[in-house]
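One structure is given below, encoded as structure tokens.
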Protein chains: 2
Amino acid sequence: MYIHVMNKSTLYKGCLEPIIMRLLKDNGRMYGYQLTQMVKELTKGELQITEGALYPLLHRLEEQGVVETEIENIGNRVRKYYTLTKAGKKQTNVYVEELRTFIQSLNLIVNPKTAG
Amino acid sequence: MYIHVMNKSTLYKGCLEPIIMRLLKDNGRMYGYQLTQMVKELTKGELQITEGALYPLLHRLEEQGVVETEIENIGNRVRKYYTLTKAGKKQTNVYVEELRTFIQSLNLIVNPKTAG
DNA sequence: TATGAATACATAATCAAATTATGCATTACT
DNA sequence: AGTAATGCATAATTTGATTATGTATTCATA
């Protein structure tokens, strides 16, 4: 019988946006690669953001006016820093609250006895 | 400026499969509509599974041999009950563990101080 | 000093899985 | 009689990931 092996990384579909915005809110100016590293560190390697997911997301956020960017040259290398706009910060508060509620909901399903 | 309003229900993209399997493992035989109601109740209305997401998922799980079904007639109405197969139960344990780890990861990002 | 790993960005093709909309039918409520 | 709730299903579309690829710099090391 065929057993479907779910890639656990697909769990965070839909959560990436609030995750990134939360990190930007907490840490101010950050660049893309730094965001991937911070997620990896914070989650002890559990969550690994792929570049193909991250960069298009950051571009969408910029289009929407949620973040603004600055290019910085580190030696010969280019970094693109992202900062939340005022509207972006406001939006982040909403998203993070929703994410907290969502986590609580997941807990209620997965650990119905302990999660109150 | 355009502010993107995220539908918070989209957060659970990718988590639906382990959620449903977990409920089936806990409660044995369940039918589709019942699953949607239980998720709604458990999460105090926060998570609402749409039919367009649920039924195709259940059909996929059946194809994969994760669940098996029984049709039951309640008066003139038809219900389709789903039960985890042996392989399905095994798989559920893995998925639920992954989901727990994922929840913990989310916590580490959203509540870095309190989540250990 | 060449080679690979890490850093740093970007995008196109593809796939998975949801939303939205629709359809059908029964039962319960008002 | 009409509406909401129960109960299933599926098609069209959209979203948002994966995977693969490309470019380029910096650093460690064999």
Nearest whole Å is fine: how far is [N] [atom2] from [X] [atom1]?
{"X": "R77(B)", "N": "dC24(C)", "atom1": "CZ", "atom2": "C1'", "result": "12 Å"}
{"X": "I19(A)", "N": "dG16(D)", "atom1": "CD1", "atom2": "P", "result": "14 Å"}
{"X": "R29(A)", "N": "dA8(C)", "atom1": "CZ", "atom2": "P", "result": "13 Å"}
{"X": "F102(A)", "N": "dA18(C)", "atom1": "CZ", "atom2": "P", "result": "11 Å"}
{"X": "L58(B)", "N": "dC8(D)", "atom1": "CG", "atom2": "P", "result": "9 Å"}

Could you check whether [X] gets within reach of a base, just the sugar-phosphate, or nothing at all, counting any heavy atom under 4.0 Å?
{"X": "L57(B)", "answer": "nothing"}
{"X": "E51(B)", "answer": "base"}
{"X": "G32(B)", "answer": "sugar-phosphate"}
{"X": "R79(A)", "answer": "sugar-phosphate"}

Quiz item: Looking just at side-chain N and O atoms, do T69(B) and E62(B) make a donor-acceptor pair shorter than 3.5 Å?
Solution: yes
Self-check item: Donor + acceptor pair across side chains of N73(B), R79(B) (<3.5 Å)
Solution: no
Exercise. With sequence neighbours excluded, tell me which residues meet side chain to side chain contact (heavy atoms under 4.5 Å, CB included) with D26(B).
Key: P112(A), R22(B)
Quiz prompt | Closest-nucleotide 5' rank along DNA chain D - winner of Y55(B) and I74(A) | solution = Y55(B)
Practice problem: Tell me which of G52(B) and I49(A) sits closer to the 5' end of DNA chain D, going by the nucleotide each one is nearest to. | Solution: G52(B)
Quiz item: Going by the salt bridge (charged side-chain N to carboxylate O under 4.0 Å, His left out) test, which pairs reach into residues 82-95 of chain B, not counting sequence neighbours?
Solution: none
